[in-house]
Engineer: 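Starting off with a structure, shown below.
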Protein chains: 2
Amino acid sequence: MQVRLKDIAKLTGYSITTISRALAGYADVNAETRAFILQTAHQLGYQPNGIAQQLRQQIANAIGLIIPSDAHDLNGDFFSQLLHGISAEAAEQHFDILICSALPGEEEMRAYRRLVGGNRVDGVILARTRRDDPRIAYLRAKKHPFVVSGRAAPNEPSDFPYIDVDSQAAIRMLVAHLHSLGHRQIGLILPPPDVAYTGYRLMGYQEGLAAAGLPFCADYLQYGDLARSGGFHAAQHLLSTQPQLTALIACNDLMALGAISAALGRGLRVGADLSIVGFDDLPAAEYSHPPLTTVRQPIYGIGRRLAAMLIGLIRGDQSAHTQIILQGELIVRASSGAPQTR
Amino acid sequence: MQVRLKDIAKLTGYSITTISRALAGYADVNAETRAFILQTAHQLGYQPNGIAQQLRQQIANAIGLIIPSDAHDLNGDFFSQLLHGISAEAAEQHFDILICSALPGEEEMRAYRRLVGGNRVDGVILARTRRDDPRIAYLRAKKHPFVVSGRAAPNEPSDFPYIDVDSQAAIRMLVAHLHSLGHRQIGLILPPPDVAYTGYRLMGYQEGLAAAGLPFCADYLQYGDLARSGGFHAAQHLLSTQPQLTALIACNDLMALGAISAALGRGLRVGADLSIVGFDDLPAAEYSHPPLTTVRQPIYGIGRRLAAMLIGLIRGDQSAHTQIILQGELIVRASSGAPQTR
DNA sequence: GTGAAAGCGCTAACAG
DNA sequence: CTGTTAGCGCTTTCAC
């Protein structure tokens with residue numbers, strides 16, 4: 001079965017130590033010896049036993065990612081892209097990724113204890129932070145390296161390394177965009193209140209309205225699940241109770257797509273009778289009909305940089321402890337246009 | 001930092017061996033001793049070092065999943081759901097999941113060698129098999145446990161454990177459905193030819209046509225990427241070169257959504273002027289506009305069962321070596337209807 | 001019931 | 001340049 005250093009040692013006549021050093025590329029090995037050893041190792045198809053290396057070196061060479069299990073259904077594309085970025089960077093730095101899906105709550109914390117406490121990973125990446133997030137409390141107490149996709153809620157301290165998109169500015173931008181098209185009655189579809197970033201998006205909306213000289217109306221707000229269905233139902237509700245609305249801002253693309261579906265189902269022409277805009281720029285946004293006006297968030301890049309930061313922290317590079325807020329880019333597509341009354 | 005067995009031993013006065021046995025639940029430990037040890041361990045917040053357990057027991061307690069990196073963008077929702085199922089089962093059986101994204105090719109094979117050859121995982125799950133798949137050849141040669149989501153291409157032997165949906169029957173069903181609505185000119189949007197399941201879907205189409213007494217026309221076929229863009233461009237092409245088509249079958253939902261977008265963009269009423277149907281039943285299908293007629297594939301369940309099979313194989317349960325073909329369920333929604341000419 | 005000792009496969013002082 | 005030795009933290013015979 002598995003080829004061990006011992007096997008190469010037996011075959012070449014050198015000691016296990018020399019084999020190890022030759023393979024690891026240490027300088028103090030005779031060039032010919034090294035060549036011979038490398039060749040033999042290659043012939044035997046030697047692959048170092050990762051577990052043994054990890055035990056010996058006291059590092060797992062792995063990072064953990066615990067995904068809220070509802071996220072798969074809610075926002076699979078987002079996590080998939082984030083994971084893509086993370087794994088690209090991890091692969092380059094020879095790190096593995098340990099994945100766990102768990103429901104927020106006790107199950108989730110058990111997963112963290114197993115991965116973190118059990119030394120299976122050297123650091124973890126957190127996503128979709130919640131208000132008063134117990135995971136952050138745990139990792140902070142453990143002093144275990146971690147980085148976060150997104151900040152803490154507005155009124156909580158974000159005293160950890162993170163990368164976030166300035167969603168406050170993004171929503172502000174969307175309000176300004178709609179206002180410049182002529183919209184005066186703009187509804188907002190928000191994520192659930194316990195999601196940390198919900199507060200930022202609401203603030204951005206209020207600031208946007210203020211900047212445009214528009215009044216804030218609480219009846220123009222509706223909360224919904226982070227998915228198409230959430231946007232669909234929220235839009236249904238807003239459109240029937242507030243028919244004067246000419247535009248809807250959804251706090252992410254999936255909700256926006258659900259809202260489009262609701263609007264079309266009511267016979268509205270999206271982009272004319274009703275403008276709808278989102279946030280994320282998932283692949284789905286480009287091919288929806290009409291294509292979705294949105295603010296682009298470089299999800300892949302965020303995943304990549306998060307992984308790079310985390311690996312930096314693991315290696316003890318204190319300069320990796322940074323907090324980054326990215327600006328999104330407004331992508332105007334046909335789902336938003338000048339308001340028209342039928 | 002980390003609490004070790006040694007620490008508990010020191011504190012309780014028992015030997016490491018006894019601590020280990022008490023924690024592992026062996027019967028030959030005095031009940032009081034055990035209680036005392038368990039309590040102490042709990043107080044100290046003991047978490048066994050997973051790496052050490054793995055090295056000692058020669059099992060990684062982990063399964064590997066190597067995701068073609070293009071899949072994240074192409075079909076994030078699908079992989080996300082599959083991953084969800086896999087991780088649910090794995091978590092229950094106390095297995096970790098090691099994820100790697102790699103481009104098909106040399107990079108991908110290196111990832112396999114590292115994970116499999118390096119003993120980091122006890123088994124792997126393969127998805128989106130290709131014709132003449134080198135990963136299967138490698139795993140087979142290594143005699144390493146693996147299970148596959150999907151079969152080999154029609155003309156290749158599928159002599160490995162797998163779970164697949166009968167996509168041949170699914171496409172046949174879709175043809176029958178469209179035929180029963182009155183469609184006679186039905187186009188087909190296919191995945192790239194190197195994807196293993198493409199052959200099955202084409203066969204299903206041909207069989208469906210034959211059963212309906214319709215002629216097969218090669219001009220009604222178009223290949224495209226496994227994504228919205230692929231469906232979009234394929235539909236564009238079919239609709240402009242074969243305007244007599246009244247229905248399009250897309251081989252997955254994303255392509256179908258792209259096709260809907262293309263049709264709407266040409267001013268066609270989907271479900272009336274042109275019927276479009278897909279396959280998968282991703283969350284997006286339900287909320288597209290119009291909602292998509294499709295064949296439902298229990299992706300989460302497939303992930304779950306794949307993980308269960310693999311863990312069975314790892315544990316040496318030969319009865320886990322099974323080959324399962326599931327039947328999809330036709331979900332009729334508004335994107336398909338009787339053909340109408342404008 | 002409990003403890004001593006061996007060893008999983010590897011790396012890293014330390015000698016020579 | 002190369003080999004000897006000592007573990008990483010855990011489990012598991014094997015004695016007592």
Side-chain angles (χ1 to χ4, degrees), chain A residues 1-38 40-41 44-62 94 96 114-122, chain B residues 1-38 40-41 44-62 94 96 114-122:
Chain A
M1 49 153 297
Q2 182 69 17
V3 183
R4 281 115 66 240
L5 286 184
K6 197 200 277 187
D7 303 316
I8 305 180
K10 206 162 282 170
L11 227 80
T12 56
Y14 289 97
S15 74
I16 292 179
T17 313
T18 304
I19 309 294
S20 172
R21 274 189 304 225
L23 259 30
Y26 278 60
D28 59 352
V29 178
N30 181 305
E32 283 168 24
T33 312
R34 151 168 300 114
F36 179 41
I37 291 175
L38 282 178
T40 313
L44 295 177
Y46 173 73
Q47 279 290 131
N49 182 317
I51 307 286
Q53 288 182 319
Q54 287 168 23
L55 179 61
R56 175 63 234 236
Q57 304 183 141
Q58 293 292 80
I59 49 161
N61 265 305
H94 305 291
D96 290 325
R114 214 166 49 86
L115 255 54
V116 172
N119 277 3
R120 278 180 172 76
V121 298
D122 304 311
Chain B
M1 52 149 295
Q2 182 70 14
V3 183
R4 280 116 66 240
L5 285 185
K6 197 200 277 186
D7 302 316
I8 305 180
K10 209 162 282 171
L11 226 81
T12 57
Y14 288 97
S15 73
I16 293 179
T17 314
T18 303
I19 309 294
S20 172
R21 273 190 303 225
L23 259 31
Y26 277 58
D28 58 353
V29 179
N30 183 303
E32 284 166 23
T33 312
R34 151 168 300 116
F36 179 42
I37 291 175
L38 282 178
T40 313
L44 296 178
Y46 173 73
Q47 281 290 131
N49 182 315
I51 307 284
Q53 287 181 320
Q54 287 168 22
L55 178 60
R56 174 62 232 233
Q57 302 182 139
Q58 293 292 77
I59 49 162
N61 264 305
H94 305 290
D96 290 325
R114 215 165 48 87
L115 256 53
V116 172
N119 276 4
R120 277 177 175 77
V121 299
D122 304 311

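What you see is a predicted model; the values in this text were computed from it and never measured. Every chain is numbered from 1, with letters handed out A, B, ... down the list of sequences.
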Engineer: When the nearest nucleotide of DNA chain C is assigned to B:Gly13 and to B:Arg56 on a heavy-atom basis, which residue is associated with the more 5' position?
Structural biologist: B:Gly13
Engineer: May I ask you to evaluate whether B:Tyr46 reaches the phosphate of D:dC10, defined as a side-chain N or O under 4.0 Å from OP1 or OP2?
Structural biologist: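 Looking at the OP1 and OP2 atoms of D:dC10, one of them is under 4.0 Å from a side-chain N or O of B:Tyr46.
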Engineer: Evaluate the side-chain proximity of B:Ile37 to B:Leu23: yes if any heavy-atom separation is below 4.5 Å, no if none is.
Structural biologist: yes
Engineer: Rounded to the Å, how far apart are B:Phe36 CZ and C:dT2 P?
Structural biologist: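 The distance from CZ of B:Phe36 to P of C:dT2 comes to 12 Å, rounded to the nearest Å.
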Engineer: Answer with yes or no whether A:Thr17 presents, from its side chain, a donor or acceptor under 3.5 Å of a partner atom in the base of D:dT4.
Structural biologist: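 In this structure, the two groups form a donor-acceptor pair.
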Engineer: Should A:Gln58 be listed as having a side-chain N or O under 4.0 Å from OP1 or OP2 of D:dG9?
Structural biologist: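 It does, given that an N or O in the side chain of A:Gln58 lies less than 4.0 Å from OP1 or OP2 of D:dG9.
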Engineer: Picking from C:dT2, D:dT12, C:dG9, which would you name as closest to the side chain of A:Leu55?
Structural biologist: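 Side chain of A:Leu55 sits closest to C:dG9.
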Engineer: Would you say the base of C:dA4 and the side-chain of B:Ser15 have a donor-acceptor pair closer than 3.5 Å?
Structural biologist: no
Engineer: So what does B:Asn49 hit on the nucleic acid, given a heavy-atom distance under 4.0 Å: a base, only sugar-phosphate, or nothing?
Structural biologist: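 Counting heavy atoms under 4.0 Å across all strands, the contact made by B:Asn49 is with sugar-phosphate only.
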Engineer: Quick test of your reading of the model: are B:Asp7 and B:Arg4 salt-bridged, counting only N-O distances below 4.0 Å?
Structural biologist: yes
Engineer: Is the shortest side-chain N/O distance from B:Tyr26 to OP1 or OP2 of D:dT12 below 4.0 Å?
Structural biologist: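 So the side chain of B:Tyr26 is within the cut-off, an N or O lying under 4.0 Å from OP1 or OP2 of D:dT12.
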Engineer: Assess, by modelled atom type and distance only, whether the side chains of A:Ser20 and A:Thr17 contain a donor and an acceptor separated by less than 3.5 Å.
Structural biologist: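 A:Thr17 and A:Ser20 do not have a side-chain donor-acceptor pair below 3.5 Å.
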Engineer: What's the CD1-P distance between A:Ile37 and C:dC10, to the nearest Å?
Structural biologist: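 After rounding, the gap between these two atoms is 14 Å.
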Engineer: Just the atom pairs and distances: protein N or O near nucleotides 14-16 of chain C's N or O, under 3.5 Å.
Structural biologist:
none

Engineer: Quickly work out the A:Gln54 CD to D:dG7 C1' distance and round it to whole Å.
Structural biologist: 17 Å
Engineer: Would you check if the side chain of B:Thr12 reaches a backbone N or O of B:Ile8 as a donor-acceptor pair within less than 3.5 Å?
Structural biologist: yes
Engineer: Counting only N and O atoms by type, is there a donor-acceptor contact under 3.5 Å from the side chain of B:Asp122 to the main-chain atoms of B:Ile59?
Structural biologist: no
Engineer: Specify the separation, in whole Å, of atom CD of A:Gln47 and atom P of C:dG9.
Structural biologist: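 From A:Gln47 CD to C:dG9 P: 15 Å.
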Engineer: How long is the line joining CD1 of A:Ile59 and P of C:dA12, in whole Å?
Structural biologist: 10 Å
Engineer: So do B:Ile51 and A:Gln58 actually touch side chain to side chain, heavy atoms under 4.5 Å?
Structural biologist: no
Engineer: Base, sugar-phosphate, or nothing for A:Ile51, non-hydrogen atoms under 4.0 angstrom?
Structural biologist: nothing
Engineer: Is there a donor on the side chain of A:Ser20 or the base of C:dA12 sitting less than 3.5 Å from an acceptor on the other?
Structural biologist: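 A donor-acceptor contact between them is absent.
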Engineer: Expressed in angstrom and rounded to an integer, what is the separation of A:Gln2 atom CD from C:dC8 atom C1'?
Structural biologist: 12 Å
Engineer: Checking contacts here: which listed nucleotide (D:dC1, C:dC10, D:dT12) is nearest the side-chain heavy atoms of B:Gln57?
Structural biologist: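 So the side chain of B:Gln57 is nearest to D:dT12.
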Engineer: Starting at atom NZ of B:Lys6, determine the distance to atom P of D:dT11, rounded to an integer number of angstrom.
Structural biologist: 15 Å
Engineer: Taking the minimum atom-to-atom distance to the side chain of A:Gln53, which one of D:dT2, C:dC10, C:dA6 wins?
Structural biologist: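 Output: C:dC10.
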Engineer: Taking the nucleotide of DNA chain D with the closest heavy atom to each, which residue, B:Ala52 or A:Ala27, is nearer the 5' end?
Structural biologist: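 Closer to the 5' end of DNA chain D: A:Ala27.
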Engineer: Determine, stepwise, if the pair A:Asp28 / A:Arg21 fulfils side-chain contact (heavy atoms from CB on, under 4.5 Å).
Structural biologist: CA-CA 8 Å; A:Asp28 59 352; A:Arg21 274 189 304 225; 3.9 Å; yes
Engineer: State whether the side chain of A:Asn119 and the backbone N or O of B:Asn49 hold a donor-acceptor pair below 3.5 Å, judged by distance alone.
Structural biologist: no
Engineer: Please figure out whether B:Asn30 or A:Ile16 has its closest DNA chain C nucleotide nearer the 5' end.
Structural biologist: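 Nearer the 5' end of the strand: B:Asn30.
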Engineer: Reckon A:Asp28 touches a base, only the sugar-phosphate, or nothing at all at heavy-atom distances under 4.0 Å?
Structural biologist: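 A:Asp28: base contact, heavy atoms under 4.0 Å.
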Engineer: For A:Arg4 and C:dC8, what is the distance between atoms CZ and C1' respectively, to the nearest whole Å?
Structural biologist: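 For the pair A:Arg4 CZ and C:dC8 C1', the rounded distance is 10 Å.
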